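Chain A is the first sequence line, chain B the second, and so forth, proteins listed ahead of strands; every chain is numbered from 1. What you are looking at is a predicted structure, and each value in this text was computed from that prediction instead of being measured.
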Amino acid sequence: MNQEATLERGRRAFSRLTEYSWAGLAAILLVLVVIMSVVSDSFLSDFNLFVIFRSVATAVLIGAAQMTVLSIGQMNLSVGGIGGLAAITSGGIMDAMGLPVWAAIGGGLACGAACGAFNGIIVAKTGINAFIVTIATASVFLGLTLGITSAQPYYNLDPGFTAFGQARLAFFPMMGFITLATLGVLAVFFYRTLVGRQILAVGGNLGAAQTAGIPVGRRIIWAHVISGLLAASAGMLWVSQLGAAQPMIGQSWLLVSFAVPIIGGVALTGGSVRIIGLLIAALIIAVIDNSLVHLGIDPIYVELLLGLFILGAVYASHVATRSGKPKRSLR
Amino acid sequence: MRNALRHNQQRLGLLAVTVVFWASFAIFAQGFLSDFNLFTLLRFAAVQIVIAFGQMIALSAGQMNLSLGAIGGSVAMCAGGLMEVFGLSPFIAIPIGLALGALMGTVNGVLTVRTGINSFVITLATASVFTGLMLAITQAHSYDDLPSAFLTFSRIRVLGFPVSPLVLVMLLAAVLLWLLYNKTKLGREILAVGANSRAAAMSGIPVGATIIKTHMLSGLLAGLAGIMTAAMLADAVPRIGMDWLLPSFAIAVIGGTSISGGSVSVFGAVVGGFLVSGITNGVLLLNVSNFFVNLFLGLILLLAVSLDRIRDVVMTRLSLGARE
């Protein structure tokens, strides 16, 4: 009798779980992790987990930068460009100017916010498609990065700053805490604050948002500024991890920036964000990437497999959202 | 009528800007009009324009092709490998390469139509699949021992002018595209689908098939640009196509092709290509650090789309004023 009740409760909990949009993703992740921990001895080692979580820490921020702009129904092709410019800004402040870490971090974030504001203001004021605007500004930011540095990295960084990129608590990288805190702030922002809700409303239905009296232009600028801040954070974490402010930081982010939110269930049409989906999607990508190395697969195939996987994941999530009942969004 | 006028003004404006830039470089940048510089500049412009054609055709149907560079690189490597490793003549290797480009484009088209997923996402993912396949097959080798017939084609001068035959290839492609849009049913259908796919479907246009054909042609043009690049570099290297994203959109959009579909300008893309390539080349000759070239290209694209927008707003206000 008692057992039956427990069973019933379990069944109900399970069916409630499958209502979440990220349940399928979590299942995929679980299967991957179980397979890998059986196949490879070193997969669950502290150091390997540290490597995986560290790449997740930056991938989530890169994906979040894209997600914020996707949430207003636009795209940001300059996420990598902003990340690179913020990275060398923070590096330059420490190396060329010899200022302390807090100035470098402040400068990097300010740079990201300024780049985002630049994108947002152009998009909001001119009404030109954000895709074209950000493809152009991506080139502007890259040009500035290369021009300022003459394509040379900044090496003389604060030792504390670079040590942070290697620091860990058992298997968990210290930079992971920054990512988790950022996700928490984003969740509160999008679900609990007026500005956040208004951004989602603009993405959901621009005309309706306008009619409802939401300052659409300012919300678009907000979204781009937040995107810039997130991209800048990711750029600086890369610097701390690499131990040098490389001008090429950000040049390989385009695919990841879209793959993470899209696999995580964010709609390209706007109006939605997925915090937990973002995290799980980044974990899946990192685990696959890491597994290919562990299985001794030639790195030359990694890009091919990753592309195929993204294609499959996009299709799966597309089918899932088209058929079946509407899923509960996040939380 | 007003629309036609607007279009003509836009093209004339672009032509004027291009002439002004070329003239200023001719005056201020030493060696801009030298025989050697003109030859390499025109050849570079020809390749850039064909790249933009690949994006332009996708945009005209309301699609995007982010795998343009991946297809171009794959086709260049395929043709290069066939010539160097298998010793095939360029006359066999090039058609096979182009067929591969068309096939890759078809894959994009079929995936887009069958799944109903945005072509942006599809081609972003297939770009990494195509590049991955190409790297896996070629093991990232480069083919620099290409047949001399293939190499001379990009080096000779047409009738003694500083014009590479690659420029003629570009012009031929431009004429064919102009005919496609102005004289064929397929061209009109592509524009109709781009303007409003639902309306197109209701008026009996096979929307899915048209989108697939558009992607096929986009892939074909990307392949052509890839082979032209290999001929220009005298080397089929895996990194061909990696820097095509910006010029492909910039030239097409500066040329007046709308990113939302339904309008196209072949002539505009040609002029836009000469503008962008001229600026890239001229800025380098002015001894500006080449690290800043990206900055200039980005600013020019921003300026071009903003000017377009400003003129639109002014024109609407003027015409409203006239009506009152």
Listed by number, the residues in residues 283-295 of chain A that come under 4.5 Å of chain B (heavy atom to heavy atom) are none

Cut-off 4.5 Å, heavy atoms of chain B, and the answer for Ile122(A) is side chain

- prompt: Looking at side-chain heavy atoms only, is the closest gap between Leu297(B) and Val140(A) below 4.5 Å?
  reply: no

Chain B shares the most heavy-atom pairs under 4.5 Å, among Leu304(A), Leu308(A), Leu146(A), with Leu304(A)

Under 4.5 Å to a heavy atom of chain A? For Ala140(B) that would be both

ask   = Is there side-chain contact between Val121(B) and Phe258(A), with heavy atoms separated by less than 4.5 Å?
value = no

Okay, Leu302(B) and chain A: the region with an atom under 4.5 Å from a heavy atom over there is both

Applying a strict 4.5 Å limit to non-hydrogen atoms, the region of Val293(B) in contact with chain A is neither

Please answer whether the main-chain N or O of Asn294(B) pairs with a side-chain N or O of Ser139(A) as donor and acceptor at a distance below 3.5 Å.
yes

Turns out that what part of Leu245(B) lies under 4.5 Å from chain A's heavy atoms comes down to both

Cut-off 4.5 Å, heavy atoms of chain A, and the answer for Met134(B) is neither

Cut-off 4.5 Å, heavy atoms of chain A, and the answer for Phe120(B) is side chain

The interface call for Ser150(A) against chain B, heavy-atom contacts under 4.5 Å, is both

Honestly, the part of Leu268(A) sitting under 4.5 Å from a heavy atom of chain B is side chain

Okay, Thr131(B) and chain A: the region with an atom under 4.5 Å from a heavy atom over there is side chain

